[in-house]
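Note that this is a predicted model, so its numbers are computed, not measured.
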Amino acid sequence: DGLGHDQVLLRAKARWATQSGPMLVIDGELQENAISPEVKERLRIPKLTLTSPPQGESGAVSEAGEYAMRGGIVESRHRGAFAVVDQSGKVVQSAGGIDAAVFPRSAIKAFQCLPVIESGAADRFGFTDEEIALACSSHNGEADHVRVARSMLAKAGNGEDLYECGAHWPNEIHAHHAAARAAEDPLQIHNNCSGKHAAMLALARHLAADPHGYVNRDHPVQRAIARTMGDICGCDLDQQPCGVDGCSVPTWANASSSR
């Protein structure tokens, strides 16, 4: 109860509401009933309820899920499903329609980076832990993020002109305002996926593949990623629905129950 408003917001790693009351994870430790009713009301922490999908709809996402309160009434409801799978592929806990195909998108950036490491490209170009971390993350376009992405490009002999992720303003508000004050254009290096794309371009160089079109589904880079993803998920991604992610690369739908 001694935590201030901002501290609760910044330090909370997960928030759940259960029948026994709110549960909070702070710095990796579960704190049961850590938030007073007064603080909970001030922060408007939503209550989370998860139930199984209606009978006969096991392949659909459950109608039940999280709801957010505002001013004493339910403002919005959000459907969802989750599955916790152990290393053998066994589902140990779940709720909702976990057999429904969903697009994991940026949640699997680390998986998309695996071919860069396993192929030897990361070692060949001397990528540091900092650079690997950027490749596995969605960043805010801050100065350090831009610096690291440009370092990755330079090490593999690539330029920003090869990016095919699209440009947008930095997500971090101060970096955004600084760029606007300097009358700078939004750049592809500011894209929150530019680290991942720098790694993909490095993989293209390592595979001796044309870096142009590296975002296309049939490009050697994306084929390598699809094979790795298929091995991890235990399925043939060529048989799965495929769309285009917000940063132009393919994104394959898969069931939450996949190992």
Side-chain angles (χ1 to χ4, degrees), residues 13-14 59 61 65 78-122 127-141 145 148-149 152 163-166 168 171 188 191-204 206-207 209 213-259:
K13 306 299 183 183
V61 176
H78 308 273
R79 297 181 300 170
F82 77 89
V84 179
V85 183
D86 65 19
Q87 61 184 4
S88 70
K90 178 183 177 182
V91 176
V92 296
Q93 188 174 358
S94 68
I98 63 173
D99 293 324
V102 296
F103 289 108
R105 302 188 63 186
S106 287
I108 46 85
K109 271 190 169 74
F111 297 167
Q112 292 171 306
C113 188
L114 276 176
V116 181
I117 299 170
E118 294 176 339
S119 69
F127 286 164
T128 63
D129 289 347
E130 184 180 47
E131 289 164 342
I132 293 296
L134 192 74
C136 295
S137 68
S138 297
H139 66 78
N140 288 327
H145 302 147
V148 174
M152 296 174 69
Y163 268 142
E164 298 181 14
C165 53
H168 63 62
N171 289 331
Q188 295 196 85
N191 189 297
N192 64 295
C193 297
S194 69
K196 176 180 76 175
H197 281 252
M200 290 179 176
L201 282 166
L203 180 57
H206 184 67
L207 298 175
Y214 70 93
V215 300
N216 295 331
R217 184 176 178 179
D218 59 353
H219 191 278
V221 166
Q222 301 305 328
R223 297 311 305 155
I225 291 172
R227 286 192 297 271
T228 298
M229 289 290 299
D231 289 343
I232 292 172
C233 297
C235 66
D236 180 2
L237 288 191
D238 285 333
Q239 304 304 313
Q240 298 297 113
C242 182
V244 178
D245 211 339
C247 65
S248 303
V249 298
T251 177
W252 287 271
N254 210 352
S256 301
S257 55
S258 298
R259 63 173 171 82

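- Of all heavy-atom pairs between Pro115 and Phe111, the closest is CD-O, 3.5 Å.
- When all heavy atoms of Ala101 and Ala253 are compared, the closest pair comes out as CB-CB, 3.9 Å.
- For Ala122, the side-chain contact (heavy atoms from CB on, under 4.5 Å) partners are Val116, Ile117, Phe127, Ile132, not counting sequence neighbours.
- The line from CE of Met152 to CD of Glu130 is 10.5 Å long, rounded to the nearest 0.5 Å.
- Nearest heavy atoms, Ala199 versus Ala135: CB-CB, 3.8 Å.
- Considering CD of Gln240 and CG of Leu237, their distance stands at 6.5 Å, rounded to 0.5 Å.
- Note that CG of Asn216 and CZ of Arg223 are 12.0 Å apart. Values are rounded to the nearest 0.5 Å.
- In this structure, the separation between CG on Asp245 and CD on Gln112 is 7.5 Å, given to the nearest 0.5 Å.
- A 4.5 Å side-chain heavy-atom check between His197 and Asn191 finds every atom pair outside the cut-off.
- Proximity of His145 to Leu134: side-chain heavy atoms (C-beta onward) are separated by under 4.5 Å at one or more points.
- For CZ of Phe103, the number of neighbouring non-hydrogen atoms (other residues, nucleotides, ligands) closer than 6.0 Å is greater than 12.
- Atom NE2 of His168 sits about 9.0 Å away from atom SG of Cys247, to the nearest 0.5 Å.
- Arg227 meets the side chain to side chain donor-acceptor pair (under 3.5 Å) test with no other residue; sequence neighbours excluded.
- Residues Val249 and Ile225 fail the side-chain proximity criterion, which asks for heavy atoms closer than 4.5 Å.
- With a 6.0 Å radius and a threshold of 12 heavy atoms from other residues, nucleotides or ligands, Asp129 has its CG atom at or below the threshold.
- Within the 3.5 Å criterion, the main-chain N or O of Val244 finds no donor-acceptor partner in the side chain of Ser248.
- Using modelled atom types, no side-chain atom of Tyr214 and backbone atom of Ala209 make a donor-acceptor pair closer than 3.5 Å.
- The OG atom of Ser194 sits 9.5 Å away from atom CD of Gln188, with the distance rounded to the nearest 0.5 Å.
- At a threshold of 4.5 Å between non-hydrogen side-chain atoms, the residues Val148 and His139 do not count as touching.
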